[in-house]
Amino acid sequence: MTNPAYRVVINDGLTSNVSIIDVDDLLVLKSAVIPSNLSSAGYNSYGQLGDNTTVLKSSPIQIGTNTQWASFSAGYTNSGAITSAGNLFTWGNNTYGQLGINSLTSYSSPVQVGTATYKQVVWGGGLNASFILALATNGSIWASGTNTFRCLGDGTFVSKSSLVQVAVNTNNWKSVTAGAVYALAITNNNTLWGWGNRSLAWSSATAIASTPVQLGSDTWESVSGGYDFAMALLANGSLYGWGLNSAGQLGLGDLTTRSSPAIVGAIGGWRAVACGTDHVLAIANNGTLWSWGGNFYGQLGIGTTVDKSSPVQIGTLTTWQGVSANEYTSLAVRSNGTLWTWGNNIFGGLGLGNGVNRSSPAQVGNNINWKTASIGRYHMLAAAYPNMSLPPS
């Protein structure tokens, strides 16, 4: 959709995926227990900004009056959020039933999904193949939307407009992420599992799996899914990548695709990672921000549009707290409560008040209350602490 003490990641998933903060692609900040309001900006043709319109907004606008949002995720043309009570709400494009509300009707404001309680939501797929994954508070994963590539993990290839439970490890899931046509999840005992089209995500397993299959025997702390590659962290801070590497998105100094995890740099040193279509953002243990991979829209944030196959530091600051990447967009939050975005901005999704692409981080307004944020393909979601001059330390 990640700080050591709070391990924040976001994803995105590109599609996905998905979002700053996390339980992967989503949220485990110490401050996650503090309720917040939710704002959005960017492309809005499907109502994904949640303001009950389909009008584009290039600066953040608050979604309703609810100040009890705990976690959230911006997808391709969808949005999802969970309240502090665990209630799941979705909105935006519903062409494939990805909102999980037992209909194909799109909504421009949040609609509650059932009565179960959840702690993480992520989006997978794209405009023509979208699906949702929601992690329930009891440890089960539920999904709906496009299932052509078995991304729902329910043992079928039939698309669903209501949430169905992902098979295997019924109530033992810890976090989940998604790519274009696959999903990855970590169990409570930190084993990694995948389903959907994983021919590039981990080719040592079956190319397409309709239910979760364990990937290797290592134990993982968190994972983030890109379009057709993935990055994952071990508990010791070591970062690994596998899958397609056409733009150097694995950070290994070459363009060679890997079918099994390859370590990025030295052992240890990383605390958060987020994947876009073909680029990666990562925060080191010392709070510095790094990027690598594709850079056509400046999504690496290094002041150029040149691809990088090895990690490159973004600026010199050591106060980065969380990151989110999606398609060709990037986002990060600093510990001082400021929000920064860069990359593709054609529809104002960076929240900067215009449609100009940025190749270096640009601050979103002058708000210093930002808690977490999630970047989608052309829109973003961001949570702020209400009635506070500074986020809690």
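As the structure is a prediction and not an experimental result, all values here were calculated from the model.
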Say you draw a straight line from [atom1] of [X] to [atom2] of [Y]; how long is it, rounded to the nearest 0.5 Å?
X: Trp270; Y: Met231; atom1: CH2; atom2: CE; value: 8.5 Å
X: Thr329; Y: Gln299; atom1: OG1; atom2: CD; value: 8.5 Å
X: Ser144; Y: Leu133; atom1: OG; atom2: CG; value: 9.0 Å
X: Arg377; Y: Asn78; atom1: CZ; atom2: CG; value: 12.0 Å
X: Phe296; Y: Asn344; atom1: CZ; atom2: CG; value: 9.5 Å
X: Gln313; Y: Ile302; atom1: CD; atom2: CD1; value: 11.5 Å

Closest contact, heavy atoms only, [X] versus [Y]:
X: Gly80; Y: Leu381; value: O-CD1, 4.3 Å
X: Phe149; Y: Ile208; value: O-CG2, 4.1 Å
X: Tyr182; Y: Gly225; value: OH-CA, 3.4 Å
X: Gln165; Y: Asp154; value: O-CB, 3.8 Å
X: Ser106; Y: Thr95; value: OG-N, 4.4 Å
X: Ser310; Y: Trp292; value: O-CB, 3.5 Å

[Y] side chain reached by [X] side chain, heavy atoms, under 4.5 Å:
X: Val176; Y: Leu184; answer: no
X: Ile101; Y: Thr90; answer: yes
X: Ser40; Y: Ile63; answer: yes
X: His379; Y: Leu49; answer: yes
X: Pro361; Y: Trp342; answer: yes
X: Leu281; Y: Ser291; answer: yes
X: Lys174; Y: Thr187; answer: no
X: Trp220; Y: Leu234; answer: yes

Taking the side chain from [X] and the backbone from [Y], do they hold a donor-acceptor pair closer than 3.5 Å?
X: Gln214; Y: Gly216; result: yes
X: Asn295; Y: Thr304; result: yes
X: Arg258; Y: Thr256; result: yes
X: Arg334; Y: Ala332; result: no
X: Asn147; Y: Ser159; result: no
X: Lys371; Y: Asn369; result: no
X: Ser210; Y: Arg150; result: no

Treating Ile, Leu, Val, Met, Phe, Trp and Tyr as nodes and any side-chain heavy-atom pair under 4.5 angstrom as an edge, say whether [X] and [Y] lie in one connected cluster.
X: Leu135; Y: Leu152; answer: yes
X: Met380; Y: Leu352; answer: yes
X: Ile141; Y: Val168; answer: yes
X: Leu317; Y: Trp340; answer: yes
X: Tyr297; Y: Leu331; answer: no

How about [X] and [Y]: does a side-chain donor come under 3.5 Å of a side-chain acceptor?
X: Ser140; Y: Trp142; answer: yes
X: Thr77; Y: Asn93; answer: yes
X: Thr53; Y: Asn44; answer: yes
X: Thr372; Y: Trp370; answer: no
X: Thr219; Y: Asn190; answer: no
X: Ser330; Y: His279; answer: yes
X: Ser309; Y: Asp254; answer: no
X: Asn345; Y: Asn357; answer: no
X: Thr105; Y: Tyr107; answer: no

Practice item. Verify side chain to side chain contact (heavy atoms under 4.5 Å, CB included) between Thr338 and Val333, making sure each step is shown before the conclusion. Key: CA-CA 6 Å; Thr338 56; Val333 175; over 6 Å; no
Check your understanding: Any idea how Trp173 and Trp193 line up, ring-wise: parallel (<30°), tilted (30 to 60°), or perpendicular (>60°)?
Key -> perpendicular
Review point. Which word best sums up how the rings of Trp91 and Trp69 line up, parallel for under 30°, tilted for 30 to 60°, or perpendicular for over 60°?
Key: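 Tilted.
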**Study point:** For Ser73, the option from Ser79, Ser324, Ser374 that meets side-chain contact (heavy atoms from CB on, under 4.5 Å)
**Key:** Ser374
Less than 3.5 Å apart, which donor and acceptor atoms pair up between the side chains of residues 108-117 and the rest of the protein, not counting sequence neighbours?
{"residue": "Ser108", "atom": "OG", "partner": "Asn52", "partner atom": "OD1", "Å": "3.4"}
{"residue": "Gln112", "atom": "NE2", "partner": "Gly114", "partner atom": "O", "Å": "3.2"}
{"residue": "Thr117", "atom": "OG1", "partner": "Thr137", "partner atom": "OG1", "Å": "2.6"}

Practice item. Inspect the surroundings of CZ in Phe347 and state if more than 12 heavy atoms from other residues, nucleotides or ligands are less than 6.0 Å away. Key: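 Yes, CZ of Phe347 has more than 12 neighbouring heavy atoms, counting only those of other groups under 6.0 Å.
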**Study point:** Qualifying residues under ring pair (Phe, Tyr, Trp, His ring centres under 6.0 Å), relative to Tyr118, sequence neighbours excluded
**Key:**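 Applying ring pair (Phe, Tyr, Trp, His ring centres under 6.0 Å) to Tyr118 gives none.
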Exercise for review: Walk me through it: do Leu88 and Val121 pass the test side chain to side chain contact (heavy atoms under 4.5 Å, CB included)?
Suggested key: CA-CA 8 Å; Leu88 172 63; Val121 57; 4.1 Å; yes
Practice item. Could you note down all residue pairs passing salt bridge (Lys or Arg N to Asp or Glu O under 4.0 Å) where residues 51-60 supplies at least one of them, sequence neighbours left out? Key: Asp51-Lys57
Point to revise | side chain to side chain contact (heavy atoms under 4.5 Å, CB included) between Val264 and Leu252, intermediate numbers included | key: CA-CA 6 Å; Val264 179; Leu252 303 173; 4.2 Å; yes
Practice item. Evaluate the criterion side chain to side chain contact (heavy atoms under 4.5 Å, CB included) for residue pair Arg358 and Asn354; output intermediate values, then yes/no. Key: CA-CA 11 Å; Arg358 300 299 177 104; Asn354 56 53; 3.3 Å; yes
